[in-house]
Amino acid sequence: MLDQIHWLAAVTVLGVLEQAYFFLQVIYARRLFGISPPKISGPPEFERIFRAQVNSSEYFPIFLALLWQAGLFFHQGLAAALGLLYLCARYCYFMGYKASSSERLAPIYFSAGVLWILIAVSALGILHFFLSHYVGLNVLQLLTA
């Protein structure tokens, strides 16, 4: 079983580490700009870092669910590769947003595209499972015949 999920687990750990890095960036920015919790407003430099972290945290559960569904129902390697692309795009998003609000746009669109691909791959994998398991229709055999 573990050989079927090890890449998904590795990407998950990388994602958690990335989230931790984003959290630490907010802590450092709070110290740098003298903004104590629970305040969330301050100079634009702080607000961009804070928003980048919050936005990334909001999407993280969606990413994890899709990563694991795509990996379990479609293909672990493809899901893990897409997961790495997503994490790289999120890092670029964070760093771009930290620099300027306009620098976040290309990476956010790219990461959203990766999520849509994960949605499609997950849906196809789950549909194939239901068709083969409950209807007895193996789409892959039909396509290769």
Side-chain angles (χ1 to χ4, degrees), residues 1-134 138-141 143-144:
M1 164 91 180
L2 292 179
D3 61 329
Q4 297 171 357
I5 62 170
H6 64 284
W7 289 114
L8 301 174
V11 172
T12 298
V13 169
L14 287 175
V16 169
L17 291 172
E18 182 177 71
Q19 289 296 307
Y21 173 76
F22 295 161
F23 293 141
L24 289 173
Q25 292 301 302
V26 172
I27 291 169
Y28 297 145
R30 283 188 180 282
R31 290 179 183 157
L32 179 66
F33 297 108
I35 300 169
S36 299
K39 289 176 65 176
I40 58 171
S41 61
E45 296 83 3
F46 168 77
E47 290 182 6
R48 287 195 311 266
I49 293 168
F50 181 79
R51 286 302 318 152
Q53 182 269 318
V54 170
N55 290 346
S56 296
S57 294
E58 291 170 345
Y59 277 88
F60 194 62
I62 297 167
F63 162 68
L64 285 180
L66 292 172
L67 172 74
W68 281 85
Q69 288 175 12
L72 293 174
F73 286 98
F74 195 84
H75 191 275
Q76 177 189 204
L78 177 62
L82 289 168
L84 290 174
L85 276 176
Y86 177 83
L87 294 178
C88 287
R90 269 295 159 171
Y91 179 79
C92 291
Y93 163 80
F94 187 90
M95 298 312 279
Y97 206 170
K98 185 177 176 180
S100 163
S101 60
S102 63
E103 294 292 317
R104 78 190 194 287
L105 295 176
I108 195 68
Y109 293 143
F110 186 80
S111 66
V114 173
L115 286 180
W116 280 109
I117 295 169
L118 282 170
I119 288 170
V121 169
S122 297
L124 286 172
I126 292 168
L127 178 64
H128 176 263
F129 175 80
F130 279 126
L131 288 175
S132 64
H133 191 74
Y134 293 109
N138 190 330
V139 179
L140 294 176
Q141 284 181 342
L143 291 175
T144 58

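Since the structure is predicted, the reported quantities are computational estimates derived from the model, not experimental observations.
- Interatomic distance, OH of Y21 versus CG of L14, reported as 15.0 Å (0.5 Å rounding).
- Atoms CZ and CZ, from R90 and F22 in turn, are 8.0 Å apart once rounded to the nearest 0.5 Å.
- Taking both residues in full, the closest heavy atoms of A89 and P107 are given as O-CB, 3.5 Å, listed atom of the first, atom of the second, then distance.
- The distance from atom CG of L72 to atom CG of L67, rounded to the nearest 0.5 Å, is 9.0 Å.
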Verdict with reasoning, C88 to F110, per side-chain contact (heavy atoms from CB on, under 4.5 Å)
CA-CA 10 Å; C88 287; F110 186 80; over 6 Å; no
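- If you take CZ on F33 and CD1 on I49, they are separated by 6.0 Å, rounding to the nearest 0.5 Å.
- Residues F73 and L127 fail the side-chain proximity criterion, which asks for heavy atoms closer than 4.5 Å.
- A heavy-atom distance below 4.5 Å is not found between the side chains of F63 and V114.
- When all heavy atoms of F94 and Q53 are compared, the pair lying nearest together is CE1-N, 3.7 Å.
- Contact detail for A80 and W7: the closest heavy-atom pair is CB-CB, 3.7 Å.
- Nearest heavy-atom pair, S122 versus Q69, reported as atom, atom and distance to 0.1 Å: OG-CB, 3.6 Å.
- Here the closest heavy-atom approach between residue L115 and residue Y86 is recorded as CG-CE1, 3.6 Å.
- Put simply, OH on Y59 and OH on Y93 are 8.5 Å apart, with the number rounded to the nearest 0.5 Å.
- Using cut-offs of 30° and 60° on the angle between ring planes, the pair F129 and H133 is parallel.
- In this model, no donor atom of one side chain and acceptor atom of the other lie less than 3.5 Å apart for Y97 and N55.
- The CD1 atom of I108 lies 7.0 Å from the OG atom of S56; values are rounded to the nearest 0.5 Å.
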The test is side-chain contact (heavy atoms from CB on, under 4.5 Å); show your working for S36 and R30 and say whether it passes.
CA-CA 6 Å; S36 299; R30 283 188 180 282; 5.9 Å; no
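- Here the shortest heavy-atom pairing between I35 and G42 reads CD1-CA, 3.7 Å.
- Using a 4.5 Å heavy-atom threshold, the side chains of V26 and F23 count as separate.
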Output, in order, the C-alpha distance, side-chain angles, deciding distance and verdict of side-chain contact (heavy atoms from CB on, under 4.5 Å) for F60 and V16.
CA-CA 9 Å; F60 194 62; V16 169; 4.1 Å; yes
Could you go step by step and tell me if I27 and R31 meet the side-chain contact (heavy atoms from CB on, under 4.5 Å) rule?
CA-CA 6 Å; I27 291 169; R31 290 179 183 157; 3.8 Å; yes
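- Checked by atom type and distance alone, the side chain of Q76 pairs as donor or acceptor with a backbone atom of H6 at under 3.5 Å.
- Looking at R104, its side chain never comes within 3.5 Å of a backbone N or O of G96 through a donor-acceptor pair.
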